[in-house]
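The structure appears right after this line, and notes come after that.
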There are 2 protein chains.
Amino acid sequence: MNQLRAQANGRPASSGIPEATVARLPVYLRALTALGESGLRTVSSEQLATAAGVNSAKLRKDLSYLGSYGTRGVGYDVEYLRYQIAREIGVNQDWAVVIVGIGNLGQALSNYGGFRSRGFRIVALVDGDASRVGEMHGDLAIAHIDELDRLVVERGCSIGVIATPGDAAQAVADRLVAAGVTSILNFAPAVLTVPEGVDVRKVDLSIELQILAYHEQRKRTPGADREGLPSEQVVES
Amino acid sequence: MNQLRAQANGRPASSGIPEATVARLPVYLRALTALGESGLRTVSSEQLATAAGVNSAKLRKDLSYLGSYGTRGVGYDVEYLRYQIAREIGVNQDWAVVIVGIGNLGQALSNYGGFRSRGFRIVALVDGDASRVGEMHGDLAIAHIDELDRLVVERGCSIGVIATPGDAAQAVADRLVAAGVTSILNFAPAVLTVPEGVDVRKVDLSIELQILAYHEQRKRTPGADREGLPSEQVVES
DNA sequence: TCGATTTTGTTCTCACGTTCACAAGCTCTT
DNA sequence: AAGAGCTTGTGAACGTGAGAACAAAATCGA
Ligand SMILES: NC(=O)c1ccc[n+]([C@@H]2O[C@H](COP(=O)([O-])OP(=O)(O)OC[C@H]3O[C@@H](n4cnc5c(N)ncnc54)[C@H](O)[C@@H]3O)[C@@H](O)[C@H]2O)c1
Ligand SMILES: NC(=O)c1ccc[n+]([C@@H]2O[C@H](COP(=O)([O-])OP(=O)(O)OC[C@H]3O[C@@H](n4cnc5c(N)ncnc54)[C@H](O)[C@@H]3O)[C@@H](O)[C@H]2O)c1
């Protein structure tokens with residue numbers, strides 16, 4: 001309901017949500033969706049925290065950045081909270097996404113149905129290989145990268161996904177930015193340089209495995225450390 | 001100050017590498033490999049930091065956890081530092097990996113050649129769908145999940161990758177753990193519960209997109225916040 | 001109506017991570 | 001041999017995040 005209440009209330013003024021909290025909101029959103037589908041109407045911070053795999057104090061603090069959407073002694077209305085988080089993240093509207101590099105990974109992404117239900121619609125597939133142009137994936141045909149500008153503008157893409165080899169990634173990023181894309185998800189093992197105002201997030205599977213390997217190696221070395229071995233759970237960073 | 005770190009002189013302090021540093025070591029490793037291939041013998045913290053996309057002070061502090069491998073006034077020997085980081089992470093040896101769930105994503109992962117060169121060898125593909133058993137991917141055949149125990153033991157897997165739908169993920173994780181896997185990389189949108197001593201890292205592409213969407217939405221809202229807009233670069237979390 | 005009970009929202013403290021700034025230490029030139 | 005010029009390694013300041021603890025607010029039963 002009242003979307004103006006935030007200001008009057010002394011809320012963190014819509015701007016000040018910590019990055020760590022932003023990264024957890026989608027997790028809460030998913031947990032709420034699952035709980036809602038199971039028929040639950042109201043949820044306590046303890047229940048929701050368990051479902052999301054976090055500490056309940058942390059959950060409450062995270063939610064408090066959005067506003068006071070709970071009821072003391074009762075908990076949170078599942079559907080209402082779900083809506084508020086979705087609105088805050090911006091997944092009530094649909095975001096148009098272009099994928100560049102339709103190889104192994106690009107194809108997997110384009111075939112994935114889970115994005116649509118979460119507010120993202122893949123509206124263009126682009127590749128540098130001319131011999132692949134026209135190939136259909138679902139109801140989208142692969143276009144040549146020279147069409148990128150036109151497609152981004154015509155279809156209103158603000159998010160671009162890079163799934164090319166690493167040595168092409170910077171050039172692709174430059175073209176995406178030139179075309180007007182202001183958010184990039186990069187799967188290529190490369191450090192991207194982009195102008196201010198453009199957000200880049202990277203997903204690097206080799207790095208994830210290497211981090212696991214580091215801890216795995218630690219478990220193997222018999223002594224040498226590890227006095228009071230703690231939780232050992234490694235989740236996100 | 002810290003009375004344990006002393007240990008002797010500049011010992012790597014074996015146990016105490018901060019998690020944030022561990023997550024960056026693979027990035028340095030990749031940058032060093034690239035610099036080495038381009039013929040560079042020696043590199044300064046400033047150069048390497050630029051190549052890795054981090055602050056040079058942070059780089060030096062990170063490296064200092066491994067030991068004193070640089071030379072003041074000169075920099076770091078590229079090959080020597082590369083070796084030291086690889087040894088610290090544990091990617092000198094090969095790690096055997098099993099992938100569970102050979103759908104869109106599982107296939108992309110199994111076809112990907114970049115893992116082998118970074119210390120990981122995919123040694124088993126497992127799926128729950130009996131009709132897929134025997135299907136070849138590269139030189140590996142898909143096995144049924146009931147073979148998981150045997151395969152993990154026979155082929156010495158310590159790392160498991162989950163690429164099944166979300167509702168199967170917990171059951172798969174349980175089976176992996178029961179088979180002896182102690183590190184899990186989870187692509188399914190689900191919160192996993194595992195025993196102490198088992199590491200879980202999750203890669204959630206929907207969440208990455210949602211984080212981008214959040215910031216994208218912020219850029220759109222004209223006023224309401226953003227007085228002194230800062231770097232705006234979002235890299236990892 | 002009042003007190004018991006529940007659960008939120010927030011405060012406080014501690015731990016962790018980042019960045020600055022600079023002394024220590026190395027090389028090279030004179 | 002000594003000083004100039006770099007670059008590392010680290011102490012210290014600062015900022016962000018996590019978690020414990022508790023007061024404030026709501027419901028419920030008597
Ligand atoms: N496949 C995986 O499981 C996996 C795992 C980890 C990392 N990655 C990374 O993801 C990226 C993609 O991996 P992949 O396995 O899909 O690679 P791939 O080689 O199968 O596909 C790359 C695609 O990009 C296209 N391409 C190349 N240069 C281009 C350019 N300049 N502009 C546009 N398109 C171009 C190619 O034509 C090809 O279709 C790589 O950087 C890889 O390192 C992939
Ligand atoms: N494909 C993508 O680009 C993408 C993107 C984001 C997230 N994900 C997530 O990654 C996971 C895999 O995605 P996908 O597109 O490859 O799905 P998919 O449906 O193509 O493949 C899933 C595979 O898992 C197998 N499977 C199902 N239940 C199993 C069980 N109990 N034991 C063993 N195997 C089982 C199925 O037989 C199938 O082969 C999903 O959780 C999905 O949400 C995928």
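Computed from heavy atoms alone, side chains included, the values below leave out hydrogens, waters and symmetry copies. To find a chain, count down the sequence lines: A is the first, B the second, and so on, and within it residues start at 1.
- Taking 4.0 angstrom as the limit, A:Tyr76 places a side-chain polar atom (N or O) nearer than this to OP1 or OP2 of C:dG9.
- Taking for each of A:Val74 and B:Ser44 the nucleotide of DNA chain D with the nearest heavy atom, the 5'-most of the two is the partner of B:Ser44.
- Between the side chain of B:Lys61 and the base of C:dT19, a donor-acceptor pair under 3.5 Å is found.
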- prompt: Going through the checks in order, is the side chain to side chain contact (heavy atoms under 4.5 Å, CB included) test met by A:Val161 and B:Leu205?
  reply: CA-CA 11 Å; A:Val161 174; B:Leu205 311 182; over 6 Å; no
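- With rounding to whole Å, B:Leu66 atom CG is found 12 Å from D:dT10 atom P.
- In this structure, of C:dT18, D:dA26, D:dA20, it is D:dA20 that holds the atom nearest to the side chain of A:Asn55.
- A donor-acceptor contact under 3.5 Å is not formed by the side chain of A:Arg72 with the base of C:dT7.
- Considering B:Tyr83, B:Tyr28, B:Tyr80 as possible partners of B:Tyr69, the one that fulfils the ring pair (Phe, Tyr, Trp, His ring centres under 6.0 Å) test is B:Tyr80.
- Side chain to side chain, A:Arg220 and A:Gln217 fail the donor-acceptor criterion of an N or O pair below 3.5 Å.
- No hydrogens or angles considered: a donor-acceptor pair under 3.5 Å links the side chains of A:Thr21 and A:Asp62.
- Residue A:Ser45 places at least one side-chain N or O under 4.0 Å from the OP1 or OP2 atom of C:dT8.
- One atom, NZ of B:Lys58, and another, P of D:dT8, lie 17 Å apart when rounded to the nearest Å.
- With a 4.5 Å cut-off on side-chain heavy atoms, A:Arg201 and B:Leu209 do not count as touching.
- Spacing between atom OH of A:Tyr65 and atom C1' of C:dG9 amounts to 12 Å, rounded to whole angstrom units.
- Note: OH (A:Tyr69) to C1' (C:dT7) measures 19 Å, nearest angstrom.
- Remark: nothing in residues 30-42 of chain B comes within less than 4.0 Å of DNA chain C through any heavy atom.
- C:dC16 atom P lies 16 Å from atom CG of B:Asp62, rounded to whole Å.
- A donor-acceptor distance shorter than 3.5 angstrom exists from the side chain of B:Asn186 to the backbone of B:Ala190, with no hydrogens or angles considered.
- Look at CZ on A:Arg60: it is 16 Å from P on D:dA24, rounded to the nearest Å.
- One can place CZ of B:Arg24 at 12 Å from C1' of C:dC16, the figure rounded to the nearest angstrom.
- With DNA chain C read from its 5' end, the first of the two nearest nucleotides for B:Gly73 and A:Val43 is the one closest to A:Val43.
- For the pair B:Asp94 and B:Arg116, the salt-bridge criterion is not met [side-chain N within less than 4.0 Å of a carboxylate O].
- Among the protein residues, B:Ala57 comes within range of the nucleic acid bases, having at least one heavy atom under 4.0 Å from a base atom.
- Of the side-chain N and O atoms in A:Ser68, one or more sit less than 4.0 angstrom from OP1 or OP2 of C:dG9.
- In this structure, A:Gln84 places its CD atom 17 Å from P of C:dT8, rounding to the nearest Å.
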